[in-house]
Chemist: 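What follows is a single structure, and I will ask about it in a moment.
Atoms considered below: every heavy atom in the structure, side chains included; atoms not considered: hydrogens, waters and symmetry mates. Fair warning: this is a prediction, and the values are worked out from it, not measured in the lab. In listed order, ligands and their atoms are each counted from 1. The first residue of the sequence shown is numbered 1, and numbering continues consecutively from there.
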Amino acid sequence: MPNFRTKLPNNFDLPRRIHRLGELTYNLWWVWNPYAQRLFNRIDSELWERVNHNPIVFLRSIERAAINAAAQDNHYLEIYDKVFSEFDAYLGEENTWCKREYAEKCGSTIAYFSMEYGLHEILQIYSGGLGVLSGDHLKEASDLGLPLVGVGLMYREGYFSQRISEDGWQEALNNPLDLNRLPVLPVLDDDGKPLTITMNFPDRPVALRVWELRVGRVPLYLLDSDLDENAPQDRQLTARLYWSDLNLRVMQEVVLGVGGVRALRMLGINPTVWHMNEGHAAFLTMERVREKVLEGQSFEEAVEETRKNNVFTTHTPVPAGNDEFPLWLVDKYLATLWPDLGLTRDQFVDLARHQQTWGETFSMPILALRYSEGRNAVSELHGRVSRAMWKGLWPHLPEEDVPITYVTNGVHAPTWMARRLRVLYEKYFGPDWLDRLDDPEMWEKIDSIPDVELWEIRMHLKRKLVFYMSERNRQRWMKGGFHPVQVIASGALLDPYVLTIGFARRFATYKRANLILSDLDRLLNLVNRPNRPVQIIFAGKAHPADEPGKQLIQEVYRAVKKAENGGRLVFLEDYDMNIARYMVQGVDVWMNTPRRPNEASGTSGMKAAMNGVLNFSVLDGWWREAYNGRNGWAIGDDRDPVSQGQDKADADDLYATLENEIIPMYYGERSGDSIPAEWMKRMKETLRTVTPQFSTRRMLKEYLKNLYLPAMD
Ligand SMILES: *Cc1c(COP(=O)(O)O)cnc(C)c1O
């Protein structure tokens with residue numbers, strides 16, 4: 001077995017005393033460690049913003065004088081030494097949570113496969129919630145010391161940047177990633193040549209190379225088809241996320257599932273557990289069977305032996321959202337696989353045959369469900385919906401016994417929580433507060449935090465959001481091509497002292513971004529009331545091929561442009577992880593209005609809650625589990641919709657709660673420090689109940705206990 005490795009480039013010309021800054025840029029650990037970010041930010045904060053928080057570009061662009069000054073600055077050096085002693089301790093830690101709790105089990109590798117990863121805004125290899133969840137999963141696995149390796153694709157063209165035209169139409173700009181400016185490292189063999197694997201599609205081979213991204217202690221391997229030896233169209237294969245062309249989609253999924261297994265083998269990594277995050281990676285089940293069949297086992301024996309190590313997480317409560325392929329595509333791209341499995345074409349198709357009204361398909365979730373022993377949905381309600389949706393696969397079982405469990409999603413607190421709140425918790429909960437993040441007992445101490453300290457942080461975070469938007473707006477305006485009304489629509493008239501509601505998510509029609517606009521006169525009346533105005537910030541992208549999603553953006557944008565709203569309804573272009581951070585930290589209320597039960601979990605509301613933002617949402621996904629009547633507000637009740645009239649009923653409820661509860665509570669009785677006491681009570685109740693429970697800390701421990709450990713036996 002050749003020895004593959006990555007090598008850190010040494011291409012920054014840094015003063016000796018601070019030369020390790022270069023090394024820091026190549027491990028995403030800095031992403032969730034605010035003091036590590038300070039090492040860049042403190043040298044030149046304007047440049048740090050301008051390079052979109054890319055430390056590699058930052059170090060290459062920084063003025064020599066500025067970096068030399070930092071190397072002479074005692075305060076800077078103090079932070080520098082502290083950060084590197086923490087960094088070294090983190091990477092060298094022997095006594096991780098996993099080792100303490102599970103000793104030798106922590107030696108078995110868990111492979112985690114996902115089509116997208118949202119780790120940081122500079123790495124546009126995610127489109128939305130699924131990716132951010134995967135990114136948070138890796139970060140938390142690293143923090144807990146879980147022996148996880150990630151597998152995904154290297155999308156060289158990234159995900160698109162969003163521009164909104166004056167009439168509200170979404171335009172997609174491609175911004176190719178420059179891998180020399182990103183913390184991805186080529187995996188090389190002993191001769192320094194890139195590691196490549198070859199996929200044999202029926203009519204041609206496609207070569208793939210492997211990149212490594214270091215996420216704390218966890219490596220993420222990304223497959224890339226952009227190689228000289230590939231035909232031009234194959235070089236494009238892994239260029240973008242979610243091609244609309246099904247040929248490319250199926251090929252990408254073969255690359256992820258089959259190629260991913262082969263890449264790990266080449267690297268000498270032999271996982272015990274194989275986790276498929278959504279159905280895209282389901283071909284890995286068959287690649288693992290193929291390995292055994294080639295060693296001489298029968299198909300049945302090989303299935304028996306491999307299935308017990310496979311774990312599958314489903315995220316899709318709508319049947320139409322599931323990935324499936326017409327059979328002609330299976331014939332076109334998988335014909336080399338079934339002979340290796342010892343199957344005929346029809347036997348192969350039977351593995352995941354799905355009878356649809358329009359014809360037969362090969363269903364990725366069916367393949368994953370059948371050939372994984374561990375199966376889970378991502379919230380309690382989604383578990384119920386999934387059991388009902390897939391009960392046909394277990395015809396002899398009553399619906400409640402269909403073997404799909406659930407692990408409710410969580411978010412990685414160190415990534416999403418404002419730095420000032422971290423400092424506050426350290427002060428009141430003690431220096432080990434982050435280790436005890438998921439301990440509800442610690443959060444019982446929330447009342448020991450003085451209201452005024454918490455409130456001041458909240459006010460600071462809102463000002464920061466408003467100033468950020470205004471700076472962004474200024475830059476956009478100066479670039480040209482922006483109509484003056486768009487400057488208003490992008491937040492020029494926002495007021496940092498006004499009750500502010502955030503709504504940011506992918507524009508899919510079931511998320512009903514327009515629900516709050518359904519009675520525009522009523523809304524405008526609420527928004528503009530003297531002494532108690534309301535601002536609403538919308539953000540989000542639609543998939544470029546999703547026409548209804550783009551029309552929804554347009555509908556919102558038209559409302560936003562109306563002079564009657566006084567500049568208080570705004571749309572922030574190009575939602576990404578950076579904007580998400582500003583928004584979930586800066587607004588007062590986080591609103592979510594999906595058509596139940598379509599939101600499998602949702603995670604942005606958790607990020608907001610951890611920052612003291614109150615949720616105001618439909619009782620779907622995670623919020624149904626979190627809401628206790630005192631930690632935010634519900635829209636509608638805890639029932640599945642019964643009629644076509646649900647949208648109207650939800651909208652009425654939304655307006656009524658906003659008018660009669662939320663606005664009066666925010667502007668109502670204020671204490672001597674001008675803090676709304678009732679609001680503060682809800683905020684503390686939110687922090688107390690949501691933070692421990694909806695963290696990836698709690699989530700990963702559940703994955704380990706309920707899914708990974710059983711798969712190791
Ligand atoms: C968290 C996040 C999401 C997912 O949010 P939902 O609540 O699931 O809609 C999508 N995009 C970005 C950039 C995020 O940070």
Chemist: Going by the atom numbers of ligand 1, which of them fall below 4.0 Å from some non-hydrogen atom of Lys607?
Modeler: 1 (C), 2 (C), 3 (C), 14 (C), 15 (O)
Chemist: More than 12 non-hydrogen atoms from neighbouring residues, nucleotides or ligands closer than 6.0 Å to CZ on Arg181, yes or no?
Modeler: no
Chemist: Under 4.0 Å from a heavy atom of Thr603: which atoms of ligand 1 are those, numbered in the order shown and with their elements?
Modeler: 1 (C), 4 (C), 5 (O), 6 (P), 7 (O), 8 (O)
Chemist: Under a 4.0 Å threshold between the charged nitrogen and the carboxylate oxygen, would Asp546 count as salt-bridged to Lys550?
Modeler: no
Chemist: Would you say Arg506 has any N or O atom under 3.5 Å from an N or O of ligand 1, going by distance alone?
Modeler: no
Chemist: Which heavy atom of the protein is the closest neighbour of atom 7 (O) of ligand 1, given with residue, atom name and distance?
Modeler: Ser604 OG, 2.5 Å
Chemist: Does any N/O atom on Asp576 come nearer than 3.5 Å to any N/O atom on ligand 1?
Modeler: no
Chemist: Answer with yes or no after comparing the ring centroid distance for Tyr703 and His137 against a 6.0 Å cut-off, counting only values under it.
Modeler: yes
Chemist: What part of Ala580, side chain from CB on, backbone N/CA/C/O, both or neither, has a heavy atom under 4.0 Å from ligand 1?
Modeler: side chain
Chemist: Kindly indicate, with the supporting measurements, whether the criterion salt bridge (charged side-chain N to carboxylate O under 4.0 Å, His left out) is fulfilled by Asp574 and Arg163.
Modeler: CA-CA 7 Å; Asp574 204 23; Arg163 286 290 165 83; over 6 Å; no
Chemist: Can you list the ligand 1 atoms lying under 4.0 Å from a non-hydrogen atom of Arg505?
Modeler: 7 (O), 9 (O)
Chemist: Would you say Arg214 has more than 12 foreign heavy atoms packed within less than 6.0 Å of its CZ?
Modeler: yes
Chemist: Any N/O of Lys511 closer than 3.5 Å to an N/O of ligand 1?
Modeler: yes
Chemist: Between ligand 1 and Tyr126, is the shortest N or O to N or O distance under 3.5 Å?
Modeler: no
Chemist: Just jot down the ligand 1 atoms closer than 4.0 angstrom to any heavy atom of Trp416, in number order.
Modeler: 15 (O)
Chemist: Would you verify whether the NZ or CZ of Arg624 falls within 45 degrees of the ring axis of Tyr627 while also being under 6.0 Å from that six-membered ring's centre?
Modeler: no
Chemist: Students should be able to answer this: which protein heavy-atom is nearest to atom 4 (C) of ligand 1, and at what distance?
Modeler: Gly129 CA, 3.3 Å
Chemist: Does the Lys NZ or Arg CZ of Arg476 fall within the cation-pi geometry relative to Phe482 - under 6.0 Å from the ring centre and within 45° of the axis?
Modeler: yes
Chemist: Before accepting this row, confirm whether a basic side-chain N of the pair Arg472/Glu573 lies closer than 4.0 Å to the acidic partner's carboxylate O.
Modeler: no
Chemist: I need the minimum non-hydrogen distance between Arg458 and Val587, along with the two atoms involved.
Modeler: NH2-O, 2.6 Å
Chemist: Return the residue, atom name and 0.1 Å-rounded distance of the protein heavy atom closest to atom 11 (N) of ligand 1.
Modeler: Tyr575 CE2, 3.5 Å
Chemist: Suppose I only count heavy atoms of Gly128 and a 4.0 Å limit; which atoms of ligand 1 are within that range?
Modeler: 10 (C), 11 (N)
